[in-house]
Amino acid sequence: MSEAARDYDEFTFACKLSALADNAAVGVELDGVPVCVAKTQGQVFALSDICSHADVSLSEGDVEDGTVECWLHGSRFDLRTGKPCGLPATKSVATYSVTVEGDDVLVKLEK
């Protein structure tokens, strides 16, 4: 079984913490769902990897001050709530619970 497929009760392995730089994001797919895993100010967050304004990956944008920026039009999303912090996006993106066990970042997809 691959690391990405390992389940930890309701949480699923997403990536290694050691591979996630501060103020950076990675895109992963968990059970067919694109997820952006981001680290800023020493905290790790997970949210939908699809911008609510345009169908592009948020994980390809810049992470800073608790937000991730959509690289296409510049909308920023709060990593804690998924709410847009500026135009052109007006709709929130889904957020997911995260836990870290050792070097494993685990994400819970709400069903």
Exercise. Who are the side-chain contact (heavy atoms from CB on, under 4.5 Å) partners of Asp65, not counting sequence neighbours?
Worked result: Gln41
Problem set entry | CZ on Phe77 to CG on Leu47, rounded to 0.5 Å | 8.5 Å
Problem set entry | Any donor-acceptor N/O pair, Asp104 side chain to Phe13 backbone, under 3.5 Å | no
Seminar exercise, completed: Contacts of Glu60 meeting salt bridge (charged side-chain N to carboxylate O under 4.0 Å, His left out) (sequence neighbours excluded), chain-then-number -> none
Seminar exercise, completed: In this structure, OG1 of Thr67 is separated from NZ of Lys83 (nearest 0.5 Å) by 15.0 Å
Exercise. What is the distance from atom CG of Leu72 to atom OG of Ser57, rounded to the nearest 0.5 Å?
Worked result: 11.0 Å
For this session: Could you tell me whether the side chain of Gln43 reaches within less than 4.5 Å of the side chain of Arg80, counting heavy atoms only?
Result: yes
For this session: Keeping the roles fixed (side chain from Asp31, backbone from Val33), state whether a donor-acceptor pair exists under 3.5 Å.
Result: no
Problem set entry | Point-to-point distance, once rounded to the nearest 0.5 Å, from NZ of Lys91 to NE2 of His53 | 11.0 Å
Problem set entry | For Lys108, salt bridge (charged side-chain N to carboxylate O under 4.0 Å, His left out) partners two or more places apart | Glu10
Exercise. Got Leu109 and Thr12 here, is their nearest side-chain heavy-atom distance under 4.5 Å?
Worked result: no
Seminar exercise, completed: In this structure, CG of Leu17 is separated from CD of Glu101 (nearest 0.5 Å) by 12.0 Å
For this session: State whether a side-chain donor-acceptor pair under 3.5 Å links Asp49 with Ser59.
Result: yes
Exercise. SG of Cys51 to CG of Leu58: how many Å apart, nearest 0.5 Å?
Worked result: 5.5 Å
